[in-house]
Structures are given as structure tokens and as C-alpha cells.
Amino acid sequence: MTSLSSVTPHDNLSPVAQAAHRARAAAADLAPLPRSAKDEALLAIADALEVRTAEIVEANAVDVERARAAGTSESVIDRLTLTPERVRAIAADVRQVAALPDPVGEVVRGSTLPNGIDLRQVRVPLGVVGIIYEARPNVTVDGAALCLKSGNAVLLRGSSSAYSSNTALVAVIRDAVGGSGLPADAVQLVPGESRDSVTELMRARGTVDVLIPRGGASLIRTVVEGSTVPVIETGTGNCHVYVDADTDIDMAVDILVNSKAQRPSVCNAAETLLVHRDVADAFLPRALDALAEAGVTVHGDERVVAYAEATKATVVPAVDEDWETEYLSYDIAAAVVDSLDAAVAHIRRWSSGHTEAIVTSSQAAARRFTRLVDSTTVAVNASTRFTDGGQFGFGAEIGISTQKLHARGPMGLPELTSTKYIVTGDGHTR
């Protein structure tokens with residue numbers, strides 16, 4: 001393709017800075033491309049992932065073996081591991097992104113002003129997106145696919161624990177992108193495994209337009225507090241399930257177990273259970289047994305502990321730290337509350353603002369809970385596990401933003417764009 005911007009040699013710059021400048025040039029070439037060109041590249045990526053699955057899984061096995069030798073927790077190893085089935089699922093996600101509408105060029109609003117000028121606000125790519133993330137190689141593909149579809153170049157800085165996996169994945173993606181006629185530098189792995197490369201990416205204001213951190217609280221805090229590049233903050237998932245006084249017990253047990261145990265290592269898994277005192281006698285014995293069968297340890301307040309003896313559950317006394325912990329494991333904090341408002345007060349104090357669920361048969365309770373709880377997603381009679389870009393129909397997500405500016409909740413394609421105004425006149429002067 002003909003480049004709209006030439007890359008000035010930057011031999012005197014660091015490898016990270018050189019990568020950022022190449023990404024900026026690639027972003028300029030991507031921005032005006034039609035949907036068909038981007039979709040062709042995405043479908044080529046999906047095909048290449050499937051064709052080269054063995055190569056990817058082999059590289060991933062190196063990372064997994066190294067993580068096990070280092071004593072890494074099983075929840076982290078689960079997020080790190082790629083199997084042929086998971087690679088196929090990732091490829092399917094890429095095809096889903098290709099099938100989604102292209103947000104670039106969408107008219108957000110427009111009108112003809114009283115003076116005859118035509119005014120349109122249209123979506124445009126952000127430019128160069130940097131993603132800093134932990135041991136989740138699927139983010140490498142999700143980030144590349146969503147950024148390409150929205151016309152952005154992406155700089156991927158995964159953790160050193162997934163370096164072999166990410167290197168293999170980016171090699172596959174770049175080959176497919178370049179083979180489709182798009183600039184391969186639209187997708188790059190940030191050079192280096194040391195923290196210096198992360199710091200340099202965080203300070204690349206002027207060449208990198210936005211950073212998106214994905215990972216635990218420590219990583220997110222480091223990026224938010226240390227970056228000079230604008231940051232879209234993706235938060236931790238201290239998610240709650242509240243079982244109301246008026247509830248279907250069977251439904252409540254199913255939703256609780258699914259929210260906690262279906263995949264505990266992800267940010268939309270439930271970490272705290274709150275139970276209205278009026279339903280505690282009927283609900284807690286069954287819930288504790290169901291959690292025990294799923295292998296979950298309960299960190300309960302005094303009232304929850306009192307129910308443990310008559311069940312198969314492993315229940316330990318909760319301390320304050322439990323209410324704020326994102327376990328990402330087969331653990332859950334649990335408390336009995338005196339009212340819906342008491343549950344809301346607990347959530348307001350301890351929640352990370354990700355996802356909260358209420359299980360209730362009362363429409364009035366559901367309405368009050370959804371009005372009072374201020375998190376990115378509030379679920380009524382549904383698992384917290386639905387807070388996900390794919391489940392929401394957005395395709396693969398770039399992350400779940402818990403901040404309130406620019407983007408909030410699962411971030412799909414529109415959240416990877418900004419806007420510009422196009423003013424069209426007929427010789428108008430002011």
C-alpha cells in the first residue's frame with residue numbers, strides 16, 4: 001500500500017521509541033482504510049492462528065513450565081495457558097470482530113446550523129494505543145484485533161512471564177497483517193523484558209496516544225500514577241452477589257455458584273456474597289454446600305460461620321481484608337446483612353466498581369438496587385460472569401473500564417475511537 005507518512009530514521013532513539021515512531025506511521029496509514037481492508041486482515045489473522053496453533057502452543061508451554069517452576073499460583077497459570085481449544089476460541093473471537101460494524105466514520109451527531117454550515121461529529125481512531133498487561137496471552141490477540149478494526153496501531157507490552165507466547169502470537173499476527181497489504185508495524189510487541197521498557201512506554205507522550213493497563217491492582221496503580229500518556233483505567237473486579245429477602249432459592253444458588261466457580265481467575269467472578277437475614281436460614285445451608293461441592297472456601301462473618309457446622313463447607317472467619325480482596329481463586333467472602341440498603345452500603349464501601357448482582361423476585365428491590373449501586377454493570381437475576389465484551393455482543397473486549405471518563409464497562413470498538421468535527425460551508429466567514 002502507498003504510505004501517507006514516511007518514517008524518519010530514528011537510529012539515535014531507544015528500541016521502544018523506535019517502535020512507537022513506527023506505530024505512529026502505521027496508524028496514519030490505517031486511519032483512512034475502508035472496512036473491507038481491515039476485515040481481510042482480521043480474517044487472515046484468524047486463519048493464521050489456526051494454521052500455526054502447534055507453534056503457538058509450543059511457545060506457550062515454555063512459559064507455563066517456567067511459571068510452574070517459579071511457584072506461580074494456579075489461577076495465574078490458568079490465565080497464562082493456551083490449549084488448541086483456546087487458540088481456536090481466540091481465532092473465533094477475531095472473526096467475530098471482523099463481522100462487527102466499523103465504528104470509524106460513524107456520525108455521532110450532526111446538523112445544519114442556522115447560518116447554513118453543515119456540522120458533523122464523526123468517529124476517528126485514537127492513533128497509537130499501548131496495552132500493558134499481565135500473564136494473559138489472549139489479550140495479545142484481542143488487543144491487536146480490536147485496534148486494527150478501529151484503525152489504531154497497537155504496542156503490546158505483556159508480562160515477561162508470557163514472553164514466549166506473546167512473541168509467537170505477534171509473529172503470527174504481523175505475518176498475516178503484512179500479507180494482507182496493511183502495515184505490519186500496526187501490531188508490535190514492545191521491545192525488552194525489563195521494567196525499563198514499561199516505564200519508557202508510559203513516558204512516550206506525543207508518540208503514544210493512550211495507554212490501557214490490564215491486570216491486578218498493583219499494575220493498574222503503577223500505570224495510572226506513573227504515566228504521562230493518557231490512561232484508560234481498567235479496574236480490578238471485587239464483584240458482589242446480593243441475595244435479597246424475596247428470592248428464588250434455586251436460582252440464587254445457581255447464580256452464586258456460576259458467578260464464583262465457573263472461572264474464578266477472571267475479573268468478573270464474584271468475590272463477595274451478601275445474604276439478607278430474612279432468607280439466610282433457607283439459603284445459606286444450601287449455598288454453603290453448593291460452594292463446597294465446587295471447591296470454594298468461604299471467608300464468613302460471624303453469622304455465616306454459625307451456619308457452617310451443619311454443612312460440608314470450609315468456612316473461615318473473615319477479616320476486613322477479605323471484603324476488599326479480589327481473590328481470583330476458589331475463595332469468597334460472605335456476610336449476612338439486615339436489609340437491601342445495608343447490602344448497598346457494604347458494596348459502596350468495598351466494591352471496586354466492576355459488577356454487582358442482585359437475585360430477587362421483587363421488582364421494587366431490583367429497581368432500588370440498580371438505582372443505588374454505582375458500578376459499571378448491575379445484574380438482576382443473572383451471573384456476574386456476563387460482564388464481558390463478547391457476552392455483550394461487542395466482540396472481544398480491550399478491557400473493562402471502571403473509570404467514568406471516555407469509557408466505562410466492557411470496552412469494544414467504539415471505545416477505541418475519539419471524534420472530530422467536520423465543518424462544511426459555502427464560502428462562509430465569521
Side-chain angles (χ1 to χ4, degrees), residues 1-42 44-45 48 94 97 102-105 122-133 140-158 166-167 169-192 196-212 227-232 398 413 415-420 422:
M1 63 181 293
T2 302
S3 175
L4 296 179
S5 58
S6 58
V7 182
T8 305
H10 298 288
D11 293 340
N12 59 324
L13 298 179
S14 71
V16 174
Q18 290 183 40
H21 280 281
R22 291 195 301 270
R24 196 149 196 85
D29 293 333
L30 281 177
L33 290 180
R35 171 181 176 174
S36 58
K38 294 182 286 188
D39 287 353
E40 181 181 345
L42 289 169
I45 290 171
V94 175
V97 172
D102 186 349
V104 178
V122 299
R123 292 196 182 278
V124 296
L126 291 169
V128 178
V129 177
I131 306 177
I132 301 173
Y133 53 106
T140 302
V141 184
D142 292 349
L146 286 167
C147 285
L148 281 174
K149 179 78 176 196
S150 54
N152 298 293
V154 64
L155 293 169
L156 298 157
R157 181 47 170 92
N166 292 335
T167 299
L169 288 166
V170 171
V172 171
I173 293 168
R174 284 173 59 87
D175 287 348
V177 170
S180 301
L182 273 61
D185 284 335
V187 180
Q188 296 180 71
L189 197 63
V190 174
D196 291 343
S197 64
V198 178
T199 301
E200 190 172 354
L201 183 62
M202 289 162 51
R203 302 297 171 84
R205 190 178 182 93
T207 50
V208 177
D209 293 289
V210 66
L211 286 180
I212 302 173
S227 178
T228 60
V229 176
V231 177
I232 298 177
I398 203 74
L413 292 169
E415 287 73 31
L416 285 171
T417 64
S418 183
T419 64
K420 69 180 177 184
I422 298 176

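Treat the numbers as computed from the prediction; the structure is a model and nothing was measured. Residue numbers count from 1 along this sequence.
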Among Leu155, Ile173, Val16, which residue meets the side chain to side chain contact (heavy atoms under 4.5 Å, CB included) test with Gln188?
Leu155
side-chain contact (heavy atoms from CB on, under 4.5 Å) between Thr167 and Leu189, intermediate numbers included:
CA-CA 7 Å; Thr167 299; Leu189 197 63; 3.6 Å; yes
Look up atom CG in Leu13 and atom NE2 in His21, then write down how far apart they are to the nearest 0.5 Å.
5.0 Å
Rounded to the nearest 0.5 angstrom, the CD1-CG distance for Ile45 and Leu148 is 5.0 Å
Considering non-hydrogen atoms only, spot the tightest contact between Val97 and Ala145 and give its length.
CG1-O, 3.9 Å
Ion pair present between Asp102 and Arg35, side-chain N to carboxylate O less than 4.0 angstrom?
no
Where Ala153 and Ala23 come nearest, the two heavy atoms and their spacing:
CB-O, 3.3 Å
Please give me the minimum heavy-atom distance between Gly192 and Ser197, naming the atom from each residue.
O-OG, 3.7 Å
Return yes if some donor-acceptor pair links the side-chain N/O of Asp209 with the main-chain N/O of Val129 below 3.5 Å, else return no.
no
Measure from the side-chain N and O atoms of Lys38 to the backbone N and O of Lys149, and report whether any donor-acceptor pair falls under 3.5 Å.
yes
When you compare the side chain of Met202 with that of Ile132, does any pair of heavy atoms fall below 4.5 Å?
yes
Side-chain touch Leu156/Val190, heavy atoms, less than 4.5 angstrom
no
Using only atom types and a distance under 3.5 Å, with no angle test, would you say the side chain of Arg123 pairs donor to acceptor with the backbone of Pro103?
no
Quiz question: by atom type and distance under 3.5 Å, do the side chains of Arg205 and Thr228 form a donor-acceptor pair?
no
Can you give me the closest heavy-atom contact between Ile131 and Gly143, atom names plus distance?
CD1-CA, 3.8 Å
Does a side-chain heavy-atom distance below 4.5 Å link Val210 with Ile232?
yes
Reported CG-to-CD1 distance for the pair Leu126 and Ile212, which is rounded to 0.5 angstrom:
7.5 Å
Taking the side chain as every heavy atom from C-beta outward, state whether Asn166 and Tyr133 have any atom pair closer than 4.5 Å.
yes
Do Val128 and Thr207 have side chains that approach each other closer than 4.5 Å (heavy atoms only, starting at C-beta)?
no
So, Ser227 versus Arg203: side-chain donor-acceptor pair below 3.5 Å or not?
no
Heavy-atom closest pair, residues Val172 and Ala48:
CG1-CB, 3.6 Å
Side chain Asp185, main chain Arg22, donor-acceptor under 3.5 Å:
no
Testing the basics here: between Pro183 and Asp29, what is the closest heavy-atom pair and its distance to 0.1 Å?
CG-CB, 4.2 Å
Any non-hydrogen side-chain atom of Leu30 less than 4.5 Å from a side-chain atom of Asn152?
no
The reported gap from CG in Asp196 to OG in Ser14 (rounded to nearest 0.5 angstrom) is 10.0 Å
